Amino acid sequence: MTTYTILIILSGLVIFSYLFDLVASKTKVPSVLLLLLLGIGLRFLVDYLKIQTFNFLSILPTLGTVGLILIVFEGSLELKYDQQKNKIIRSAFLSALTILLGTISVITTIIYQISHHDLYTCIANAIPFSVISSAIAIPSAAALSNKDKEFVIYESSFSDILGIIIFNFAITNHSINTSAFIGLGLSTFLILLLSAIACVVLLYIMGRLVHHIKFFLIIAILILVYAIGQSYHLSSLVLILSTGLFLNNADTIQHAWFRSIFLYKNLTADLSQLYQLSAESAFILRTFFFVIFGFTMNIGELNNKIVLANGFFILISVYIIRLLFLKIFKKDNLSPILYIAPRGLISILLYFNLPASLKIPEVGTPFLFLVVLGSSIVMTLGITLSNRKRLTV
């Protein structure tokens, strides 16, 4: 394959992704779903033409991780905090936590019935299927009311963060005891401390940089700190979310010393440019990630009634549990929030990070693909039907 052919393919994928975003804004069909189908179509074309390709699975985790960082950062840069939002933040956190724990419990039971592996292995495999994907949920919430949109951003981000914390806790502790919880408390304290330091240092750097290239440097520092934290099994997504929130709300801090040292004239303009760069970079990475994931799937493996039935049971359990807990924490206007529980980028990343010794053959990538695809379809139908109901009322 020549250099020019590769360039044509890459630029074509970006153009298709842009068109999919336009389609998504009109039809409420998530662009991620269209990207997955594009990847599947490309796989059929490549197989038909017998074109030689390399193992794309080797770059998928890296693409997904950087994409996740940028999507969460982009979402947090949109959020403005005031005391009136304490209620929505609290309800989003409690919703994310209880739904995550409830879903892990039910999916663990389903996986145990499927595989009859030990409970620890089943829990580790259940976690990736239980986490809401902010990479899909946040863009899909763009057309919702501000209140619902903020709830989705907070809930999906909290779900990602809590999912990573529980996942790291599960794969590093084969038994639950006092020392395991002490380790969890220590790692949580360390990441909160690191987040506080990173927030202040990045804001200080932004105000002092005079070079015309500054925003990619800020993003590179964020990715570096995230990678260092994750290598020590710290839940570094906390850092990404808190940094975005801090930068976008720094101007509300009234302390005279803080304002004189850290705030500067062009902060608002710089944050606007940083948001734009994050959004466009996330768009590119999301495009390649989901197209490659679709491309690497072997659709023939889905022609299995047992896999289809088990995937259906998992999807049903996800929405039943979500309905029960949203009635407690959201109470009013459950639709379309109820349907915005997609599995996607974070689920794929956590699954690929499972140690080989913990992977269950019966719960492989076809199973994962089915749940990702199914939850995206449910979200699409849910948002579309909710909008039609709103228009007819």
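Fair warning: this is a prediction, and the values are worked out from it, not measured in the lab.
Other members of the cluster containing Phe312 are Ile316, Ile320, Leu324, with ILVMFWY side chains joined at under 4.5 Å, either directly or via other members.
Among residues two or more places apart in sequence or in another chain, the salt bridge (charged side-chain N to carboxylate O under 4.0 Å, His left out) test is passed with Asp118 by none. Judged as a side-chain contact (heavy atoms from CB on, under 4.5 Å), and not counting sequence neighbours, the contacts of Thr108 are Ile104, Leu119, Cys122, Ile123, Ala126. Applying the salt bridge (charged side-chain N to carboxylate O under 4.0 Å, His left out) rule to Lys359 yields no partners; only residues at least two apart in sequence or on another chain are considered.
Checking side-chain atoms of Gln230 against main-chain N and O of Ile228 turns up no donor-acceptor pair under 3.5 Å. Side-chain atoms of Thr109 come within 3.5 Å of backbone N or O of Ser105 as a donor-acceptor pair. Judged by distance alone, the side chain of Thr103 and the main-chain N or O of Val318 form no donor-acceptor pair under 3.5 Å. Looking only at distances, no side-chain donor or acceptor of Thr121 sits under 3.5 Å from a matching main-chain atom of His117. Without hydrogens or angle criteria, Asn248 side chain to Leu79 main chain gives a donor-acceptor distance under 3.5 Å. Under the 3.5 Å distance criterion, the side-chain polar atoms of Arg343 are left unmatched by any main-chain donor or acceptor of Val371.
Counting all heavy atoms, side chain and backbone alike, Ser133 lies closest to Ile346 at CA-CG2, 3.7 Å. Closest non-hydrogen pair, Ile107 versus Ser317, comes out as CG1-OG, 4.3 Å. In plain terms, the two heavy atoms of Ile292 and Phe56 that are nearest each other are CG2-CB, 3.5 Å. Of all heavy-atom pairs spanning Ile71 and Ala282, the tightest one is CG1-CB, 3.8 Å. Among all heavy-atom pairs drawn from Leu33 and Ser376, the shortest one is CD1-CB, 4.1 Å.
A cation-pi contact, defined as under 6.0 Å to the ring centre and within 45° of the axis, links Arg208 to Tyr204.
Partner Ser156 forms a side chain to side chain contact (heavy atoms under 4.5 Å, CB included) with one of Ile138, Ile340, Val131 and no other, that one being Ile138. Of the residues Phe313, Phe367, Phe167, the one that meets the ring-ring contact (aromatic ring centres under 6.0 Å, His included) test with Phe129 is Phe367. Of the options Leu94, Thr98, Leu97, a side chain to side chain contact (heavy atoms under 4.5 Å, CB included) to Phe325 is made by Thr98 and by none of the others.
The closest side-chain donor-acceptor pair between Ser115 and Glu362, if any, does not fall under 3.5 angstrom.
For residues 245-263, the set of pairs meeting the salt bridge (charged side-chain N to carboxylate O under 4.0 Å, His left out) definition, not counting sequence neighbours, comprises Lys80-Asp251. Within the structure, every pair that satisfies the ring-ring contact (aromatic ring centres under 6.0 Å, His included) test and touches residues 82-103, not counting sequence neighbours, is listed here: Phe93-Phe158.
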Could you walk me through whether Tyr351 and Asn125 pass the side-chain hydrogen bond (donor to acceptor under 3.5 Å, both in side chains) test, one step at a time?
-> CA-CA 7 Å; Tyr351 179 80; Asn125 279 267; 5.7 Å; no

